[in-house]
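Positions are given from 1, in the same order as the sequence printed here. None of the values given here were measured: they were computed from a predicted structure. What you see below is based on every heavy atom in this structure, not just the backbone, and it leaves out hydrogens, waters and symmetry mates.
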Amino acid sequence: MSSSPIHDPAFSSPNSGNIATRLQDANERKSAGNDHFRQSRWTEALVAYQSAINILPKRKDPPAKKGAASLHDDLDDENVPGSGPSTSQLPEGDEDCLEDETHKHAGEEDVDKEEEGIAMGEVEGKEVAQLRSVLHANIGACHVKLVCRLVTLILCRLTFEQGEHKQAVEACTKALKDDPTYIKALQRRAASNNILDTWSSLTAVQDDYNVLLSLIQPTSQKAEIESKLRKLKPRLEAAQKRETSEMLDKLKGLGDSLLGNFGLSTNNFKFEPNGQGGYSMNFVR
């Protein structure tokens, strides 16, 4: 039994069509979005969910009321009539990302009302609010998936580029075995090692620059290499400190796990630079 239409200025007006038709169209678009989501087509799913929202009446937030309950407080899942398949049919791992069932607050009275002469009963109003809520949550799931995909693509690209530069270094090294004075091979190997930006690769860059200084004749080119060497020095020192610190942290972790059996830790051993590029170790109680 349908309730009588209720008027409420808190909701904006729809463009056209009755509420039942809008609900049916929105649910169909939501189902299409769910299909795209399951196939990892998150951009298409996002468009489908947004188009479904555009069909439904838009809710404007009413003035804040002290002690008023939110639509999402202590909600229980409940199917919307005409909605698509449940989240139990989603691929493994996506159950927590995509909502395909509506939820309802016990005793909820804040529902969508009549707009521009289109009557909307209490039941229809609840269906609209619940469906709109699910669609917004699904849009959030799409954005999360899109961010994860972007991060993965960036990491893959960085890994690919590093791999390519390592292969470039290997190829130039082979070229220099046949011709140690091949200037272009030295320049290309130095350029790739410079991008790899490790202590060992930057040390190799420094070595190649020094060889180039002995081979190149034009003064202008020598000045350019000398400038690169000056800029390289602080980077080389920073890389050395960074990798030394990382190595010591790993050794400390390993040492603590072993020394713990004897009631000791690496804190009992103090490492100090010996002035010859290495470290001396002293036992401290």
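- Note: E28 CD to S31 OG = 7.5 Å, rounded to the nearest 0.5 Å.
- Distance check, rounded to the nearest 0.5 Å: CG of L46 to NE2 of H36 gives 11.0 Å.
- For T244, there are no side chain to side chain donor-acceptor pair (under 3.5 Å) partners two or more places apart in sequence or in a different chain.
- To the nearest 0.5 Å, atoms SG (C172) and CD (Q187) are separated by 10.0 Å.
- Considering all non-hydrogen atoms of both residues, F37 and A45 come closest at N-CB, 3.8 Å.
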Side chain to side chain contact (heavy atoms under 4.5 Å, CB included) between K30 and Y49: does it pass, once the steps are laid out?
CA-CA 6 Å; K30 183 190 72 172; Y49 294 140; 4.0 Å; yes
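- Here the closest non-hydrogen pair linking A190 and D208 is N-OD2, 3.8 Å.
- A salt bridge is defined here as a Lys NZ or Arg NE, NH1 or NH2 lying under 4.0 Å from an Asp or Glu carboxylate O, and K228 with E224 meets this definition.
- When every heavy atom of A48 is checked against every heavy atom of A32, the shortest pair comes out as CB-C, 4.5 Å.
- From I55, atom CD1 reaches atom CZ of R132 across 13.5 Å, with rounding to the nearest 0.5 Å.
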Step-by-step side chain to side chain contact (heavy atoms under 4.5 Å, CB included) determination, R235 to D197:
CA-CA 8 Å; R235 290 179 57 206; D197 198 35; 2.9 Å; yes
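- Considering every non-hydrogen atom in both L131 and A26, the closest pair reads CD2-CB, 3.7 Å.
- In this structure, the separation between NE2 on H136 and CD1 on I53 is 3.5 Å, given to the nearest 0.5 Å.
- Salt bridge annotation for E161-R157: present, with a cationic side-chain nitrogen under 4.0 angstrom from a carboxylate oxygen.
- A donor-acceptor pair is defined here as one N or O able to donate and one able to accept, closer than 3.5 Å; such a pair exists between the side chain of N27 and the backbone of L23.
- Note on R38 versus D35: salt bridge recorded, some NZ/NE/NH1/NH2 to OD/OE distance being below 4.0 Å.
- Using a 4.5 Å cut-off between side-chain heavy atoms of Ile, Leu, Val, Met, Phe, Trp and Tyr, Y209 falls into a hydrophobic cluster with L176, Y182, I183, L186, W199, L202, V205, V211, L212, L213, L215, I216, I225, L229, L232, L236.
- Side-chain contact between R230 and S227 is present, with at least one heavy-atom pair separated by less than 4.5 Å.
- Once rounded to the nearest 0.5 Å, the distance linking CD1 of I154 with OG1 of T159 reads 11.5 Å.
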Please test H165 against Q162 for side chain to side chain contact (heavy atoms under 4.5 Å, CB included), starting from the C-alpha separation and ending with a verdict.
CA-CA 5 Å; H165 285 298; Q162 286 213 337; 5.9 Å; no
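- Cluster annotation: F160 and I195 are assigned to distinct hydrophobic clusters (Ile/Leu/Val/Met/Phe/Trp/Tyr, side-chain heavy-atom contacts under 4.5 Å, transitive).
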Walk me through it: do Q240 and T203 pass the test side chain to side chain contact (heavy atoms under 4.5 Å, CB included)?
CA-CA 10 Å; Q240 180 183 12; T203 301; over 6 Å; no
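- Across I19 and P57, no two heavy atoms sit closer than the pair CD1-CG, 4.0 Å.
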Would T181 and D179 satisfy side-chain hydrogen bond (donor to acceptor under 3.5 Å, both in side chains), going step by step from the backbone distance to the final call?
CA-CA 5 Å; T181 62; D179 184 0; 2.9 Å; yes
